[in-house]
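One structure is given here, and the rest of the page talks about it.
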Amino acid sequence: MFFASRLSILCAVAMTVSPVFASTIKIGEVGSMSGSEATFGLSTHEGISLAVKEQNAKGGIKGKKIELINLDNQGKPEEAAVATTKLVTQDKVMAILGEVASSRSMAMAPIAQQNKVPMISPSSTNPKVTEIGNYIFRVCFIDPFQGKVMAKFAAEQLKAKRVAILRDVKSDYSVGLSNFFTEAFKQSGGEIVVDQSYSSGEVDFNSQLTSIRAKKPDAIFIPGYYTEVGLIAKQARKLGIKAPLLGGDGWDSTKLFEIGGKSLNNSYFSNHYSQEDQAPSVQNFIKSYKSEYNKVPDGLAAMGYDAAKVLFAAMEKTKSLASTEIRDAIAQTKDFPAVTGNITIDAKRNASKPAVVLEVKDGKFLYKSTVNP
Ligand code: PHE
């Protein structure tokens with residue numbers, strides 16, 4: 001009797017003290033499962049869940065099953081921070097996967113860092129995300145590169161000389177990518193003829209687009225997220241603007257076409273992966289994703305899957321699953337064969353990978369080219 005109660009107290013203490021003693025391996029995930037960027041969170045979650053299912057079918061990690069705890073932040077940085085605190089203090093997760101949007105990753109990262117919980121963002125591309133600390137990683141390229149890719153595409157493929165920018169000032173991603181694009185486009189001899197802004201959540205872009213139209217640009221760079229970009233495309237065409245619209249990975253959603261329709265024809269954006277890529281790694285992933293969810297994965301799903309795989313591989317390499325060991329193992333990731341390209345984590349905890357340029361045509365994303373770093 002005495003012994004049994006002592007034992008249960010001991011166990012209870014052990015369970016709250018260290019996730020290493022828990023019966024499952026708890027992994028946290030924070031994403032926009034609702035709100036105007038819901039497809040980002042939902043797709044990423046599907047990718048991560050598929051990776052978890054595959055890993056658990058192989059016996060989990062070190063004999064323990066993975067338990068994924070997914071929290072919705074409704075697309076809000078404040079909620080992302082609250083969710084991260086809960087995962088760290090209450091659920092005692094061993095690692096966190098997320099976020100997609102850079103502003104939300106930047107709200108989460110200081111909490112993960114302070115508590116020494118390794119965090120991997122699948123797809124946040126603003127450089128500042130991983131600068132927050134040595135527990136913060138990503139498995140995607142960063143925006144100085146993405147900006148260069150689209151500047152080069154505008155200058156060389158579209159022969160654009162005069163480009164307009166329409167940026168979302170509420171998004172670290174949009175502001176950063178606008179600046180990196182500007183720098184690269186000017187370096188290639190081009191000119192930014194007008195730089196307009198909006199705040200995510202706005203629905204009427206007529207005044208910004210009217211100012212842009214007056215400058216007769218060769219192309220318009222709109223590095224926002226799909227909900228606003230879809231509306232902007234519609235309103236731009238209505239105003240008679242025929243110039244190609246350009247964007248970044250934030251365009252990647254099937255909802256983009258639902259919102260913007262044919263207005264998006266003659267548009268191009270950079271992304272992390274193309275469904276048309278015939279590499280066996282890509283086609284095998286599409287096949288297993290399709291059999292699980294009955295649809296073709298977008299880039300977010302692929303990135304979520306890859307982030308989870310990198311994390312699981314790192315955890316398997318540790319001796320005791322201590323957080324410092326997991327951190328070190330993620331940092332040592334080298335040539336990891338992922339769906340979105342081989343992943344090597346560099347000294348700044350970023351991955352250097354190729355980008356693809358896609359054309360939007362009648363609701364399809366057509367592969368145009370691959371750009372290597
Ligand atoms: N790269 C974007 C950001 O940092 C997020 C994103 C990635 C959106 C991939 C769509 C697809 O905010």
Side-chain angles (χ1 to χ4, degrees), residues 30-33 35-48 73 75-77 80 97-109 119-132 136-150 167-181 199-200 221-230 246-257 259 267-275 297-307 338-341 349-351 353-358 360 365:
V30 181
S32 51
M33 308 302 288
S36 62
E37 285 126 39
T39 70
F40 290 171
L42 296 167
S43 291
T44 303
H45 180 60
E46 286 171 355
I48 292 174
N73 59 37
K76 299 176 186 154
L97 296 168
E99 230 270 3
V100 169
S102 290
S103 295
R104 295 194 285 273
S105 286
M106 283 160 64
M108 294 165 58
M119 166 176 149
I120 304 180
S121 166
S123 44
S124 285
T125 46
N126 187 287
K128 287 184 277 183
V129 171
T130 47
E131 287 167 10
I132 287 167
I136 316 300
F137 299 87
R138 79 180 103 218
V139 292
C140 57
F141 53 66
I142 55 175
D143 288 332
F145 171 63
Q146 187 168 208
K148 239 184 255 166
V149 166
M150 287 316 286
R167 62 172 81 198
D168 175 358
V169 285
K170 257 178 53 192
S171 153
D172 289 286
Y173 157 75
S174 189
V175 170
L177 188 49
S178 296
N179 294 343
F180 294 122
F181 175 90
S199 297
S200 24
F221 186 55
I222 316 166
Y225 296 145
Y226 63 90
T227 298
E228 284 85 7
V229 171
L246 310 177
D249 52 356
W251 284 31
D252 187 7
S253 173
T254 48
K255 288 263 187 261
L256 178 72
F257 187 71
I259 299 167
S267 296
Y268 306 87
F269 69 101
S270 45
N271 204 5
H272 303 273
Y273 119 121
S274 162
Q275 299 160 354
D298 59 16
L300 281 311
M303 298 301 286
Y305 182 82
D306 283 352
V339 173
T340 56
R349 298 172 297 283
N350 301 322
K353 289 154 75 192
V356 294
V357 178
L358 305 176
V360 188
F365 295 160

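Atoms within each ligand, like the ligands themselves, are counted from 1 in listed order.
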Completion exercise
atom 6 (C) of ligand 1 sits nearest the protein heavy atom V100 CG1, 3.4 Å
Handout entry: S43 side chain to D298 side chain, donor-acceptor N/O pair below 3.5 angstrom
Key = yes
Practice task
Would you mind reporting whether T44 and Y305 have side-chain heavy atoms less than 4.5 Å apart?
Solution key: no
Handout entry: atom 4 (O) of ligand 1: nearest protein contact (heavy atom, Å)
Key = S102 OG, 2.5 Å
Practice task
State, yes or no, whether a side-chain contact exists between P223 and M150 at a heavy-atom distance under 4.5 Å.
Solution key: no
Fill in the blank from the handout: Counting from 1 in the order shown, the ligand 1 atoms closer than 4.0 Å to a non-hydrogen atom of S124 are 4 (O)
Practice task
Run the salt-bridge test on K255 and E37 with the 4.0 Å N-O cut-off and return the result as yes or no.
Solution key: no
Practice task
Indicate the atoms forming the closest heavy-atom contact of F40 with D252, along with that distance.
Solution key: CE2-O, 3.8 Å
Practice task
Using a 4.5 Å cut-off on heavy atoms from C-beta on, say whether the side chain of H272 contacts that of F141.
Solution key: yes
Problem - Within-cut-off N or O pair, N271 and ligand 1, under 3.5 Å - result: no
Exercise for the section: Check whether any heavy atom of Q146 sits under 4.0 Å from an atom of ligand 1. Expected result: no
Practice task
Indicate yes or no: at least one non-hydrogen side-chain atom of P122 is less than 4.5 angstrom from one of D306.
Solution key: no
Handout entry: Polar atom proximity, H272 to ligand 1 (N or O, under 3.5 Å)
Key = no
Practice task
State if Y225 counts as touching ligand 1 under the rule of any non-hydrogen atom under 4.0 Å.
Solution key: yes
Practice task
Could you tell me whether ligand 1 has any atom less than 4.0 Å away from a heavy atom of G250?
Solution key: yes
Practice task
Please state which part of L300 comes within less than 4.0 Å of ligand 1, counting heavy atoms only: side chain, backbone, both or neither.
Solution key: side chain
Handout entry: Ring-ring centroid check Y173 Y225, cutoff 6.0 Å
Key = yes
Practice task
Assess whether atom NZ of K148 is packed by more than 12 heavy atoms of other residues, nucleotides or ligands within 6.0 Å.
Solution key: no
Practice task
Compute the shortest N/O to N/O distance between D252 and ligand 1 and return yes if it is under 3.5 Å, no if not.
Solution key: no
Practice task
Please report which non-hydrogen protein atom sits nearest to atom 10 (C) of ligand 1, along with the residue it belongs to and the distance in Å to one decimal place.
Solution key: D249 O, 3.0 Å
Exercise for the section: Would you kindly specify which portion of W251 sits under 4.0 Å from ligand 1, judged on non-hydrogen atoms: side chain, backbone, both or neither? Expected result: neither
Completion exercise
Within 4.0 Å of some non-hydrogen atom of S123, the atoms of ligand 1 are 1 (N), 2 (C), 4 (O), 5 (C), 6 (C), 7 (C), 9 (C)
